[in-house]
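We name chains A, B, ... by the order of the sequence lines, and we start the count at 1 in each one. Note that this is a predicted model, so its numbers are computed, not measured.
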Protein chains: 4
Amino acid sequence: MTDKKEHIINHAVELFAEKGFEGTSIRDLAARAEVNVAMVNYYFGSKEKLFEAMVQHKAAYLKGIIEELSKDNSLTEIEKLDRIIESYVNKMFNNRLFHRVIHQELLLHQRESLQDSIINIVSPNAVAIKNIIETGIRKGVFRKIDPPLLIASLFGTFNQVLLSKKMCNKLLDKNPDYIPYEDPKFKKRLIDHLKDLLHTYLLKN
Amino acid sequence: MTDKKEHIINHAVELFAEKGFEGTSIRDLAARAEVNVAMVNYYFGSKEKLFEAMVQHKAAYLKGIIEELSKDNSLTEIEKLDRIIESYVNKMFNNRLFHRVIHQELLLHQRESLQDSIINIVSPNAVAIKNIIETGIRKGVFRKIDPPLLIASLFGTFNQVLLSKKMCNKLLDKNPDYIPYEDPKFKKRLIDHLKDLLHTYLLKN
Amino acid sequence: MTDKKEHIINHAVELFAEKGFEGTSIRDLAARAEVNVAMVNYYFGSKEKLFEAMVQHKAAYLKGIIEELSKDNSLTEIEKLDRIIESYVNKMFNNRLFHRVIHQELLLHQRESLQDSIINIVSPNAVAIKNIIETGIRKGVFRKIDPPLLIASLFGTFNQVLLSKKMCNKLLDKNPDYIPYEDPKFKKRLIDHLKDLLHTYLLKN
Amino acid sequence: MTDKKEHIINHAVELFAEKGFEGTSIRDLAARAEVNVAMVNYYFGSKEKLFEAMVQHKAAYLKGIIEELSKDNSLTEIEKLDRIIESYVNKMFNNRLFHRVIHQELLLHQRESLQDSIINIVSPNAVAIKNIIETGIRKGVFRKIDPPLLIASLFGTFNQVLLSKKMCNKLLDKNPDYIPYEDPKFKKRLIDHLKDLLHTYLLKN
DNA sequence: TATGAATGAGCCTTCATTCAT
DNA sequence: CATGAATGAAGGCTCATTCAT
């Protein structure tokens, strides 16, 4: 990917996160990125293809979360989940604008093929986590719970705090200027909550 | 609210859920609702005011979830939470299109004033739940956990399964045609999971 | 003409004077006159016919200016002109909104038939004045000047001060809040100027 | 100013003169100028900004009428006025469509800021003429008359003949097809009338 | 490779008018 | 007689995209 393309994509993420796909005009984007209006079509072919390119480019951070763990056989299942939580929270906090964009997309029924490719990117992680949980259950370390729905609880918690700053601040009783995603204390608090939830819920006794 | 207005709003919810606010044109909507294009502006003044009217009209289902419980002093805290879960899941399954629309809105930074009014509608429920949890903790019935984040887990789980059918089916290993929101078994499964999660996580021993 | 019709016409004059024919919407007018939107079409048939009715109704003040004088044979030509100036200035000051409306119309090439009827209302006065001037010339009382263009100077002076308050105030070095048309001193000043101009220009010696 | 912009403005003047600002649609204009409907907004930003650009561009002819004279100290006051009359009549005959447009604007209360800028363009000439007249009076060459109202008579005469061809022809007893503004004889006649009027009215004896 | 100019399609909205009562 | 509801047409404007250079 050339510098110019990456430059455009970085500004596209910002705008898409703010205004959505339909709400962002190529002229907005060109102005924000300080490039010619024809550049987007020149480099990417169309607004939609720019979006796809952005997804492909930015989704990288989602990969590799699991791979690291599967190599390390010395870890127990609960340790693996702890690592995943830490890794996930860190990565999502750093990529929260893009994260918001792909969740906008999942909420719509436009551009279905794009939805499929997003799901193809996201779901391997879910599957891997499910495998870990099922292994824990099979080993008798974990209680017999509903793995898919526990994963929904896990991801849902992330998303609930990440997707709307206003809602998050309301829940936390913070003033509207507080940006939880830039506060290391909040990050630790979220990680602690999720670990505690999984430990308490999954581990026997 | 007149029949005509309600008729338009009902079709508007469908289209907004599918395509988002910017992605839905008044012409689309007029065609879908089989009314004249000028009707939306005639009845609501503008596309944006139609949206607001829709939110006010449809948000009714969110009210009253909590009020019912606060009257009943015979219930313990965990029983209250159980009732809330049941009530919430039922109501959200029935209003899932609208639910999707307001979550689209929370993801964007367009129309901020509308966001505020959505939050004003949604948050009282969260606050009420937080009060119940904190009361349980104070009474020594519940473990000392992080109430706001537990609520995020609770709502997050709902949203995670409700907001994207595709993602939900992927998680559940269902085929793409399965509509979980119309399957009573799935509804029960979700309710059971959430009750189990809260019971296990909150109750001592 | 019914009271209702006259009521509407009176508000129509105000709005047309302010915003012009195309710039005034029937909804504006209905709101201003506090009648139903359908009333204009109900009473007048269309917006254009309302305009025509307004012209016919309001043009009455222009009639009779000359008739009064032609009866009185005891007046000299210059005395007749003096009377006409007084009468004209008084009537136009009282009907300046309508006066502005018909001059808007004369400036456009829309609604040509209406222009004709306006001219048919206005021109008899000009013709009568021309006759007076030509009689004066024939009698040797007036200098031999160009009657049509002198009439242009006469009407042109009226219009120049009447049609734009801003322009008028600029010329008079008044502040923008001054309303010359409501100041009796200004009226006298205008009459004096026109009389002086005609006397000096027309009378020999 | 690019050729394309000027091309659009030239057709805009025609249409605005014919139909007024509100009566002229961008689609009309695009068709007349044989350009795309989006061109007006592309070049000027909006219909209103096109209008302003037109005023700025076309008003040039009004400037410089006076400046020429103020340099020449050898001219007497009455000679200066004679030159001004000639210059004004010539320029206004050549720009009569635009002249009509700005007088439409002065008649309305829409777009007040534009009115101000028109007055700022027009009034310097009036002020300069007033100075000449007042100087003449002070020197004892001119009779003591009412300068602002004499200027109203001067400009009013121009406007009276220029603004409505129909009215003008009626006054002159010409048939409706006669176009006075293209007849050099009429131009001379107008100039002669105005010079005669000013000479007779202003000069002592 | 890069871009300013240009465009057709579509947007939301307002319009004068008509209709059913 | 009067009016609230409803409508097709047209309004100004913005859009993603294409084109000539």
Reference residue Ser46(C); test side chain to side chain contact (heavy atoms under 4.5 Å, CB included); the match among Asn41(C), Ile26(C), Val40(C) = Asn41(C)
Base, sugar-phosphate, or nothing for Phe44(B), non-hydrogen atoms under 4.0 angstrom?
-> nothing
Look at Glu52(C) together with Lys47(C) and state whether they make a salt bridge at an N to O cut-off of under 4.0 Å.
-> no
Report yes or no: does Asn10(A) contribute a side-chain atom to a donor-acceptor pair with the main-chain N or O of Glu6(A) at less than 3.5 Å?
-> yes
From CA spacing to verdict: side-chain contact (heavy atoms from CB on, under 4.5 Å), Gln110(C), Phe21(C) = CA-CA 10 Å; Gln110(C) 314 262 67; Phe21(C) 180 80; over 6 Å; no
Assess whether atom CD of Glu34(C) is packed by more than 12 heavy atoms of other residues, nucleotides or ligands within 6.0 Å.
-> no
Short side-chain to backbone donor-acceptor contact, Gln115(C) and Ser164(D), under 3.5 Å = no
Glu22(A)/Arg111(A) salt bridge by N-O under 4.0 Å criterion = yes
Most 5' of Val35(D) and Asn36(A) on DNA chain E, judged by nearest nucleotide = Asn36(A)
State plainly whether the residues Glu18(B) and Arg32(B) are in salt-bridge range, i.e. N to O under 4.0 Å.
-> yes
How close or far is atom P of dG4(F) from atom CE of Met39(C), stated in whole angstroms?
-> 11 Å
Glu34(C) CD - dG4(F) C1' separation (whole Å) = 17 Å
Nearest whole angstrom, please: distance from the C1' of dA10(F) to the CG of Leu29(D).
-> 16 Å
CG of Asp3(D) versus P of dA5(E): gap in Å, rounded?
-> 13 Å
Stems formed with participation of DNA chain F [Watson-Crick or G-U wobble, under 3.5 Å, three or more pairs] = E:2-21 with F:2-21
Could you go through the side-chain contact (heavy atoms from CB on, under 4.5 Å) check for Val101(B) and Met54(B) one step at a time?
-> CA-CA 10 Å; Val101(B) 173; Met54(B) 180 203 69; 3.7 Å; yes
List the protein contact pattern of nucleotides 16-21 of chain F with one symbol per nucleotide (5' to 3'): B for base contact, S for sugar-phosphate-only contact, - for none; contact means a heavy-atom distance under 4.0 Å.
-> BBB---
Can you sort out which residues in residues 5-19 of chain D have a heavy atom within less than 4.0 Å of DNA chain F? Ascending by number, please.
-> none
Phe51(A) vs Phe16(A) aromatic rings, parallel, tilted or perpendicular, using cut-offs 30° and 60°?
-> tilted
Please check if the side chain of Gln104(A) supplies one atom and the backbone of Ala17(A) the other of a donor-acceptor pair under 3.5 Å.
-> yes
Provide, to the nearest angstrom, the distance between the NZ atom belonging to Lys4(B) and the P atom belonging to dG4(F).
-> 17 Å
